[in-house]
Amino acid sequence: MKYFVRVLRYVRPFWKKAAVSGAITVTVSLLALLGPWPLKILFDSVLGSHPLPGVLVPVLGPIVDRTLLLLLVVVGAGFGITLVSNGLSVANSYLQTALEQGMILNFRSDLFQHTQRLSMAYHDRRRSGGLIFAINFQADAAAGLIMAVQPLVQSSLTLIGMFWLTYTIDRTLALLSLAVVPFIYYSVGYYISNIQDRLRDVRGMEGESLSIIHEAVSMLRVIVAFNRQGHEFRRFREQGERAVGARVDVTVRQTLFSLAVNTATAAGAALVMGFGAYRITQGAMTGGELLVVLAYVSSIYGPLEAISNTIGSLQDRFISLEMAYGVLDTKPDINDRPGAVVLERSRGEVEFSGVDFSYEGRRETLRDISFRVEPGEVIGIVGPTGAGKTTLVSLLPRFYDPQEGRILLDGRDIHEFTLRSLREQVSIVLQEPLLFSGTIADNIRYGRLDASMEDIWQAARSANAAHFIEHRLPLGMDTKLGERGVKLSGGERQRISIARAFLKDAPILILDEPTSAIDSRTESVILKALERLMEGRTTFMIAHRLSTIRFAHRILVMDEGRIVEQGSHDELLALNGLYRQLHSMQTARPDRPGKSGLTPVGAAS
Ligand code: ATP
C-alpha cells in the first residue's frame with residue numbers, strides 16, 4: 001500500500017489522461033452489464049409473449065406489435081452496445097499505453113539520475129548488472145501497479161453490477177452465485193502467502209543473469225585472452241537455467257491458482273444453471289432472464305480471473321518496486337552540506353590535514369596524511385602498489401569522504417563548497433583512458449559541452465593529438481569510436497583524454513599513471529602534452545616509472561597508507577630510504593641474463 005501511494009505521484013503529470021481513462025473504464029463496465037439484455041428482450045418479448053421491461057416501454061412501446069421492426073431494433077441495439085464498448089476500449093488502450101509509457105520513462109529517469117548521484121562507495125558494493133536490471137526492468141513495476149488498478153476497478157464494478165441485477169431477477173439465484181466467493185478468497189490468500197517469496201527469488205536470479213552478461217561484455221578481452229568463452233557460457237547457462245527453473249516453478253503455481261479459481265467459477269455457473277432451469281419449470285422466472293443471469297455468471301469468470309491475475313501480477317510488481325525503491329531510497333552519502341557555496345575558480349592551494357580513510361570492510365587505507373601544496377605546484381606521488389596513491393587523490397574531488405581530518409582548498413574545507421563546483425576544479429587523466437562511443441569531437445567536447453569546433457581543435461593540438469586525428473583517422477574529428485574507443489591505440493586514447501582535460505581547463509590536475517601503459521617513444525610525446533597541460537595548474541601525478549616525475553617540485557613517497565618520505569628527487573635520493581630503493585630497482589641494469597632479465601630461449605637452467 002505504501003508503494004501504491006508513493007507511485008501515485010508519477011500519475012500527476014498525466015492526470016487528464018488518467019481521468020478520461022477512468023471515465024471510460026466505468027462506462028465500459030456499465031455497457032458490459034447491458035450486453036445480455038437485448039438477448040433477453042429478443043427471447044422473452046420478441047419471440048416469446050412477455051411484456052417489455054418497464055423502462056423500455058416509452059421507447060419500444062409504439063413498435064411492440066411490429067415484430068420484424070422490433071427484432072431489428074433489438075438486434076441493432078445489441079450490435080451497437082458491442083460496437084461502442086469496443087470503440088471505447090480502443091481509445092482506452094491508447095490512453096493507457098501513453099500513461100503507462102510516460103510513467104515508466106519518468107520512474108526510470110528518476111532511477112537513472114539517482115544512480116548517478118550515489119557515491120563511489122555505493123557503486124563499489126553493488127554490481128552494475130543489478131543496477132541496470134533495476135533501471136531497465138524493475139522501473140516498469142511502478143506504472144504496472146497503476147495500470148493494474150483499471151482492470152481491478154472494472155472487474156469489481158462489473159461484478160457488483162451483475163450481482164445487483166441478478167438479485168433483482170432472482171434473489172436465491174444471486175446468493176447461490178456467491179457460493180464460490182469464500183473459496184476464491186482463500187485461494188488468493190494462499191497465493192499471496194506462498195508465492196511471494198518465490199517471486200522475489202526469481203527476480204533476484206534474473207537480475208543475476210544480467211550481471212553475468214554485463215560482466216562478460218565488459219571483460220570480453222580478458223575472456224578471449226584466457227580462452228574462457230566456454231567457462232563464461234557455462235556460468236551464464238547454469239545461472240540462466242536456475243532462473244528459468246525457478247520461473248517455471250512459480251508460473252506453474254500461478255497457473256494452478258488460476259485453475260483453482262476457474263474451477264470454482266465453473267462449479268458456480270453449473271449450480272446457477274441447474275437451479276435457474278428448475279426455477280423456470282416452476283414459473284418463477286423467464287427463459288430470457290435465465291439467459292441474462294447465465295451470461296453474467298459465465299462472464300463473471302472473466303472479471304474474477306482478471307482480479308486473480310491482477311493480484312498475482314501485483315505481487316510481482318511489489319517485489320520489483322521493493323528493489324527499485326531500495327535504490328531510490330539509498331541516500332547519497334556524499335552530499336552538499338547545507339549552506340554549501342559555489343566555488344568559482346580555485347587558486348589551486350590544497351592542504352591535507354591529519355586525514356584518515358578506510359574503505360568499507362578494509363582498515364587503514366590512509367593514515368594520518370598531512371601535506372600542503374602551493375598553487376601551480378607539481379606533486380609526484382610514488383610508492384609500492386596498494387600503498388594508497390589513487391585513494392589519496394580520490395579524496396580531493398570527494399569520490400569518498402575521509403573518516404578523520406580535513407582537506408582544504410584555498411584555505412577552506414572542501415565540504416564548504418557544492419560538490420558540483422568542487423568537481424569543476426579538478427581534471428583527471430587516468431591510466432586507462434575511458435572514451436565514450438561517439439565521435440572523437442564528442443569525446444573531447446566532454447570536457448566542456450559548449451566548446452566550439454575551434455576550441456576542440458586547439459585542445460587536440462595542445463594534447464599532441466591533432467596530427468593523428470587529421471591524418472590517420474578516416475573522418476578526422478567525426479570518426480566514430482567503438483564502445484570504449486577500442487579502435488584507437490592506448491597512446492592515441494590517452495591523448496584524446498588529455499585534450500578533454502585541456503578543454504575542461506580546471507585549476508587542479510590529477511594524473512593517475514597516465515603513461516604507464518604506453519611505450520617510451522609515445523610516452524615522451526604524451527609527457528610533452530602533459531607538461532603543457534600542467535602549466536599554471538596544481539598537479540598531482542602518480543607514477544610508477546620514477547623517471548616521469550623527476551621534474552616534480554615535490555614527491556610524496558607512500559607506503560601502507562602513510563606518507564613516509566617527501567622532498568625533491570635529489571633530496572629523496574640523499575635520504576637513502578624507500579625512494580632510493582625504488583629508484584635503484586628501476587635503474588638497475590640486468591648484467592647477467594637469466595637473473596634479473598628474461599631467460600633467453602633455449603638457455604640451460
Ligand atoms: P596501485 O599503484 O596498484 O594503483 P595504489 O597505491 O594506487 O595502488 P590504491 O588503489 O589507493 O593503491 O589502494 C589502496 C588500498 O585500498 C589497496 O589495498 C586496495 O586493495 C584498497 N582499495 C582500493 N580501492 C578500493 C575499493 N573501492 N574498495 C575497497 N578497497 C579498495
Side-chain angles (χ1 to χ4, degrees), residues 115-131 211 214-215 218-219 222 330 332-334 350 352 354-371 373 378-405 407 414 423 426-434 490 494 497 508-518 523 526 530 539-550 552 554-566 572 577-579 581-583 585-586:
T115 312
Q116 296 206 73
R117 262 193 230 126
L118 290 171
S119 64
M120 297 287 164
Y122 175 82
H123 289 289
D124 289 344
R125 286 195 301 270
R126 291 274 309 226
R127 295 176 65 181
S128 22
L131 272 178
S211 291
H214 179 261
E215 210 163 273
S218 44
M219 299 277 290
V222 181
T330 309
D333 40 13
I334 305 258
V350 177
F352 276 57
V355 169
D356 285 351
F357 172 77
S358 301
Y359 289 107
E360 213 179 87
R362 300 290 184 99
R363 289 182 52 209
E364 305 190 324
T365 310
L366 293 178
R367 286 181 288 170
D368 195 22
I369 302 285
S370 297
F371 64 91
V373 185
V378 175
I379 299 292
I381 305 177
V382 299
T385 175
K389 305 180 291 292
T390 303
T391 309
L392 175 80
V393 293
S394 322
L395 300 185
L396 186 56
R398 289 189 65 201
F399 291 165
Y400 303 89
D401 277 340
Q403 283 91 17
E404 287 292 330
I407 301 170
I414 51 174
R423 290 181 181 164
V426 186
S427 277
I428 303 181
V429 178
L430 299 169
Q431 174 181 4
E432 161 74 22
L434 297 175
Q494 194 55 287
S497 76
I508 298 172
L509 193 60
I510 293 175
L511 308 172
D512 194 350
E513 299 185 40
T515 60
S516 58
I518 288 160
E523 184 182 20
I526 290 184
L530 286 176
T539 305
F540 296 89
M541 181 163 182
I542 301 177
H544 270 294
R545 244 179 264 166
L546 301 186
S547 54
T548 49
I549 45 140
R550 270 183 113 117
R554 196 150 36 110
I555 298 168
L556 308 179
V557 185
M558 294 192 66
D559 193 20
E560 296 187 359
R562 286 180 186 279
I563 296 178
V564 289
E565 294 166 11
Q566 55 176 306
L572 287 172
L578 180 59
Y579 187 82
Q581 258 177 37
L582 295 170
H583 184 261
M585 261 154 42
Q586 289 187 8

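Note that ligands are numbered from 1 as they come in the structure, with each ligand's atoms numbered from 1 the same way.
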Against ligand 1, does His544 come closer than 4.0 Å with any heavy atom?
yes
Approximate separation, where rounding is to 0.5 Å, of His544 NE2 and Lys389 NZ
4.0 Å
If the test is side chain to side chain contact (heavy atoms under 4.5 Å, CB included), which one of Val350, Val373, Ile555, Ile542 qualifies with Ile379?
Val373
My understanding is that we take every heavy atom of each candidate and find the minimum distance to atom 2 (O) of ligand 1. Doing that for Glu560, Lys389, Glu360, Glu364, which one comes out nearest?
Lys389
d(Ile369 CD1, Leu395 CG) to nearest 0.5 Å is 9.0 Å
Which residue supplies the protein heavy atom nearest to atom 8 (O) of ligand 1, what is that atom called, and how far is it?
Gly386 N, 2.9 Å
Which residue is it: Ile510, Leu392, Thr390? I am looking for the one with a side chain to side chain contact (heavy atoms under 4.5 Å, CB included) to Ile381.
Leu392
Walk me through whether Ile407 and Arg398 qualify under side chain to side chain contact (heavy atoms under 4.5 Å, CB included).
CA-CA 10 Å; Ile407 301 170; Arg398 289 189 65 201; over 6 Å; no
Hey, which atoms in ligand 1 end up nearer than 4.0 Å to a heavy atom of Tyr400?
27 (N)
Looking at Asp512, Asp559, Thr390, Leu366, the heavy atom closest to atom 7 (O) of ligand 1 belongs to Thr390
Nearest heavy-atom pair of Pro514 and Gln494: which atoms, and what distance?
O-NE2, 2.8 Å
Rounded to the nearest 0.5 Å, how far does CZ of Phe352 lie from CD1 of Ile414?
7.0 Å
Between Phe399, Phe357, Tyr359, which one has a non-hydrogen atom sitting closest to atom 28 (N) of ligand 1?
Tyr359
Can you list the ligand 1 atoms lying under 4.0 Å from a non-hydrogen atom of Thr365?
14 (C), 15 (C), 16 (O)
Check ligand 1 against Thr391 and write out every atom of the ligand that is under 4.0 Å from a heavy-atom position of the residue.
9 (P), 11 (O), 13 (O), 14 (C)
Can Ala387 be said to touch ligand 1, with heavy atoms closer than 4.0 Å?
yes
Looking at Ser394, Gly383, Gly388, the heavy atom closest to atom 6 (O) of ligand 1 belongs to Gly388
For atom 20 (O) of ligand 1, tell me which residue out of Arg362, Glu513, Met558 has the closest non-hydrogen atom.
Arg362
Walk me through whether Arg562 and Asp559 qualify under salt bridge (Lys or Arg N to Asp or Glu O under 4.0 Å).
CA-CA 5 Å; Arg562 286 180 186 279; Asp559 193 20; over 6 Å; no
With backbone taken as N, CA, C and O and side chain as the heavy atoms from C-beta onward, which portion of Thr385 lies under 4.0 Å from ligand 1: side chain, backbone, both, or neither?
both
So which protein heavy atom does atom 27 (N) of ligand 1 come closest to, and at what separation?
Asp124 OD2, 2.9 Å
Test side chain to side chain contact (heavy atoms under 4.5 Å, CB included) on Glu560 and Arg367 and set out the steps.
CA-CA 8 Å; Glu560 296 187 359; Arg367 286 181 288 170; 4.1 Å; yes
